[in-house]
Amino acid sequence: MNGPPGSTSPLALVREDLRSFSGYSSARTSAPGVPARIWLNANESGAPSSCDPEGTSRRYPDPQPAALVEAFADHWATTPDRVVVGRGSDELIELLVRTLCRPGGDGVVVCSPTFGMYAVSAHLHGVPVTDVPQTDDELTWRVDTEAVREAAVAAGARIVFLASPGNPTGAVVPLHEVAALTEALADQAVVVLDEAYGEYAFQLSAVTLLEEHPTLVVLRTLSKAHALAGARLGIALAHPDLTRVLRAVQAPYPVPVPVSELGLHALGEEALAATRSRVGETLRLRDTVSRLLRDLDGVRAVYASDANFVLVRCDDPDALLHTLGSAGIVVRDMRHLPGLHDALRITVGTADEMSALDTALRENPA
Ligand SMILES: *Cc1c(COP(=O)(O)O)cnc(C)c1O
């Protein structure tokens with residue numbers, strides 16, 4: 001691809017056999033242009049279920065519910081043609097791998113320690129994973145974007161997955177570095193920036209970079225700050241040429257009717273105001289719990305976090321797990337991840353939960 005930034009299309013990075021793929025023609029997408037009155041084309045029940053008397057869920061949903069897509073687009077100050085809604089970001093990660101990487105070929109780059117689903121999706125598609133480990137100074141983690149660029153070129157990768165803020169690092173990748181990396185790889189790979197924890201971060205969303213960088217994809221989710229992990233709603237924001245193919249590759253009807261309604265409510269003004277206030281409370285509690293942990297004997301590092309969790313390194317993770325476990329408190333053991341042989345990740349919960357954590361640690365320090 002050539003030409004000035006913004007003039008290119010990510011279509012050249014899509015698997016050649018999928019560039020004009022039209023996917024499954026569903027009962028909703030195949031409806032003719034004439035205003036339909038009577039729908040007898042999808043073998044749905046004519047009458048509603050007794051447990052759904054209004055018949056809200058009687059019919060197959062719109063594969064990309066228009067009102068929900070529009071609400072997401074409004075929320076991110078972009079256009080509906082740049083939005084793909086899916087069953088959480090997990091589905092979108094998998095969809096990106098399947099759309100951009102040939103089965104058993106191409107490759108993805110990840111930066112450990114990071115979210116496990118990037119490598120899982122690549123593995124299930126037979127795609128090689130190149131790891132460019134992050135470095136840390138026991139306070140923050142850093143992605144070496146220049147090393148990422150070199151590794152992506154050397155491996156012939158089609159996707160670079162970056163999480164910002166990262167899980168479990170809690171660190172953001174500076175936007176200017178995301179932009180530079182995307183630009184440098186534009187003729188070879190898509191950069192996917194996973195902003196699952198974006199609501200907790202001070203840095204602006206990379207959504208602002210999308211127009212200028214056609215090969216950038218931003219993932220957002222309702223699972224974290226919006227408190228709807230059980231609803232399974234996530235979105236990919238990307239260039240319209242790419243979202244068109246992603247929708248064609250996606251399995252039919254990804255968003256159940258009740259979930260779509262829940263998502264619409266979550267993006268309404270009232271719910272967004274409540275979300276902002278919950279986020280504020282979480283940030284306050286995160287500072288408190290970070291201080292508490294830093295003061296604890298046996299805790300060697302508490303990383304700065306731009307997310308709703310803290311990552312700690314300790315002398316004796318088993319003892320800490322045992323102390324918390326005895327109080328019925330479950331945290332995430334991160335010791336299986338490269339570079340984290342001594343680390344635990346603690347989610348910032350409610351004020352009550354954090355005071356229970358405080359009590360457990362004071363009564364029985366690790
Ligand atoms: C939790 C998390 C997600 C969430 O995925 P959903 O499928 O939307 O629930 C995505 N990415 C990262 C880095 C996460 O930590």
Side-chain angles (χ1 to χ4, degrees), residues 64 68-69 72 75-76 83-98 108-122 124 129 131-132 134 141 143 159-173 178 190-201 203 205-207 216-238 246 250-251 254-256 259-260 262-263 266-267 275 278-279 282 286 303 305-311 330-334 336-338 340 343-349:
Q64 292 285 291
L68 184 63
V69 168
F72 273 120
H75 187 64
W76 292 110
V83 177
V84 180
V85 188
R87 305 170 183 91
S89 348
D90 285 347
E91 185 195 16
L92 298 160
I93 291 163
E94 210 218 328
L95 209 49
L96 284 159
V97 171
R98 285 195 288 134
V108 308
V109 175
V110 302
C111 300
S112 66
T114 192
F115 189 47
M117 282 309 293
Y118 313 138
V120 167
S121 292
L124 288 172
V129 178
D131 184 17
V132 181
Q134 301 186 44
W141 290 85
V143 171
I159 306 179
V160 171
F161 282 109
L162 298 175
S164 177
N167 173 11
T169 64
V172 296
V173 185
V178 173
V190 162
V191 172
V192 177
L193 195 71
D194 183 345
E195 294 186 333
Y197 302 95
E199 287 82 357
Y200 300 103
Q203 176 169 277
S205 170
V207 168
L216 179 67
V217 175
V218 176
L219 301 181
R220 301 289 305 212
T221 178
L222 296 190
S223 293
K224 304 287 159 55
H226 295 270
L228 289 177
R232 312 304 305 129
L233 271 176
I235 54 167
L237 296 157
L246 290 171
Q250 191 171 33
V255 188
V259 169
S260 175
L262 207 51
L267 295 167
T275 295
R278 276 197 314 275
V279 167
T282 299
R286 184 185 69 200
Y303 288 90
S305 171
D306 267 300
N308 65 338
F309 54 80
V310 286
L311 181 70
V330 185
V331 301
R332 190 67 167 254
D333 189 347
M334 302 310 295
H336 59 287
L337 288 191
L340 292 183
L344 307 176
R345 190 193 67 197
I346 304 175
T347 304
V348 179

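Note that the numbering runs from 1 along the sequence shown for the chain. Ligands are counted one by one from 1 in listed order, and the atoms in each one are counted from 1 as well.
- Each of Val217, Leu162, Ile93, Leu92 was evaluated against Asp194; a single residue qualifies, Ile93, per the side-chain contact (heavy atoms from CB on, under 4.5 Å) test.
- By the 30° and 60° cut-offs, the orientation of the rings of Tyr118 relative to Phe115 is perpendicular.
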(request) Test side chain to side chain contact (heavy atoms under 4.5 Å, CB included) on Tyr303 and Val310 and set out the steps. (result) CA-CA 6 Å; Tyr303 288 90; Val310 286; over 6 Å; no

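- When all heavy atoms of Gln250 and Gly86 are compared, the closest pair comes out as NE2-CA, 3.6 Å.
- Taking atom 11 (N) of ligand 1 as the reference point, the nearest protein heavy-atom neighbour is Asp194 OD2, 2.6 Å.
- Residue contacts with ligand 1 for Glu91 are absent, since no atom lies close enough (heavy atoms, distance under 4.0 Å).
- Arg232 NH2, 2.6 Å is the protein heavy atom nearest to atom 7 (O) of ligand 1.
- Of the protein's non-hydrogen atoms, Ser89 OG, 3.3 Å is the one closest to atom 5 (O) of ligand 1.
- Only the side chain of Asn167 comes within contact range of ligand 1, with a heavy atom under 4.0 Å; no backbone atom does.
- Set against the non-hydrogen atoms of Ala196, the atoms of ligand 1 under 4.0 Å away are 2 (C), 3 (C), 10 (C), 11 (N), 12 (C), 14 (C).
- Where the criterion is an N or O separation shorter than 3.5 Å, residue side chain and backbone included, Ser223 meets it with respect to ligand 1.
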(request) Please lay out, stage by stage, how Leu68 and Leu233 fare under the test side chain to side chain contact (heavy atoms under 4.5 Å, CB included). (result) CA-CA 10 Å; Leu68 184 63; Leu233 271 176; 4.0 Å; yes

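- The shortest N/O to N/O separation between Thr221 and ligand 1 falls below 3.5 Å.
- When the shell of 6.0 Å around CZ of Arg278 is examined, it contains more than 12 heavy atoms from other residues, nucleotides or ligands.
- When all heavy atoms of Val259 and Ala231 are compared, the closest pair comes out as CG1-O, 3.3 Å.
- Set against the non-hydrogen atoms of Lys224, the atoms of ligand 1 under 4.0 Å away are 1 (C), 2 (C), 3 (C), 4 (C), 14 (C), 15 (O).
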